[in-house]
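This one's a predicted model, so the numbers in the text were calculated from it and none came from an experiment. Side chains are part of it too, since the values below use all heavy atoms of this structure and drop only hydrogens, waters and symmetry mates.
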Amino acid sequence: MSMIHLIGTNAGLVWRALSKSGRVSLKDLKKETKIRTEKEVYAAIGWLAKEGKIEVSESEGDVFIWLV
């Protein structure tokens, strides 16, 4: 599987998790999607951010993500 394909697939997993759970911490998102590494989660988040589908914020050292 190419890296671009993997990022796109993971972006789908992230989108589905967010549509079900709402605002989620990065740590919980990684658990819920079962994406292997934090780096892969960030790549998927970047994909969705570029498409304007999510918002991201940081609070007390935790990163939170939700759908727009």
Side-chain angles (χ1 to χ4, degrees):
M1 177 182 303
S2 76
M3 190 61 141
I4 298 297
H5 184 78
L6 176 63
I7 293 168
T9 298
N10 287 343
L13 294 173
V14 168
W15 189 92
R16 282 188 288 285
L18 294 174
S19 71
K20 186 173 89 173
S21 301
R23 184 175 183 256
V24 178
S25 71
L26 179 65
K27 179 182 171 183
D28 290 341
L29 186 61
K30 186 174 179 293
K31 280 184 201 174
E32 191 168 331
T33 59
K34 296 182 174 79
I35 295 175
R36 294 179 307 142
T37 67
E38 196 168 293
K39 184 168 100 174
E40 289 177 358
V41 174
Y42 274 119
I45 290 168
W47 179 297
L48 293 171
K50 175 72 172 148
E51 292 183 341
K53 295 185 178 182
I54 61 169
E55 290 286 333
V56 181
S57 71
E58 187 175 2
S59 176
E60 298 179 18
D62 287 329
V63 175
F64 292 92
I65 302 99
W66 63 95
L67 293 177
V68 174

What heavy-atom pair brings Val56 and Ile45 nearest, and what distance separates the two atoms?
CG2-CG2, 4.0 Å
Stepwise side-chain contact (heavy atoms from CB on, under 4.5 Å) test for Val63 and Leu29:
CA-CA 10 Å; Val63 175; Leu29 186 61; over 6 Å; no
Output the distance between atom CD1 (Ile65) and atom OG (Ser25), rounded to the nearest 0.5 Å.
7.5 Å
Among the clusters formed by ILVMFWY side chains lying less than 4.5 Å apart, do Val41 and Trp15 turn up in the same one?
yes
Candidate pair Tyr42 and Asn10, rule side-chain contact (heavy atoms from CB on, under 4.5 Å), full reasoning
CA-CA 10 Å; Tyr42 274 119; Asn10 287 343; over 6 Å; no
Atom pair CG (Leu67) and CD (Glu55), whose distance is rounded to the nearest 0.5 Å
10.5 Å
All heavy atoms of Glu32 vs all of Lys20, minimum pair found to be OE2-CE, 3.5 Å
Hey, could you give me the CG/CG distance between Leu18 and Leu13, rounded to the nearest 0.5 Å?
11.0 Å
If you look at every heavy atom in Trp66 and Arg23, which pair is closest and at what distance?
CB-CA, 3.7 Å
Counting heavy atoms not belonging to Met1, are there more than 12 under 6.0 Å from its CE?
yes
Could you pull out the closest heavy-atom pair between Thr33 and Ala17, with the gap in Å?
CG2-CB, 3.8 Å
Distance (rounded to the nearest 0.5 Å) between Glu58 CD and Leu26 CG
10.0 Å
Using a 3.5 Å distance criterion without hydrogens, assess whether the side chain of Lys30 forms a donor-acceptor pair with backbone atoms of Arg36.
yes
Atom pair CD (Glu40) and CD (Glu38), whose distance is rounded to the nearest 0.5 Å:
11.5 Å
Which pair of heavy atoms, one from Ala11 and one from Ala44, lies closest together, and at what distance?
N-CB, 3.5 Å
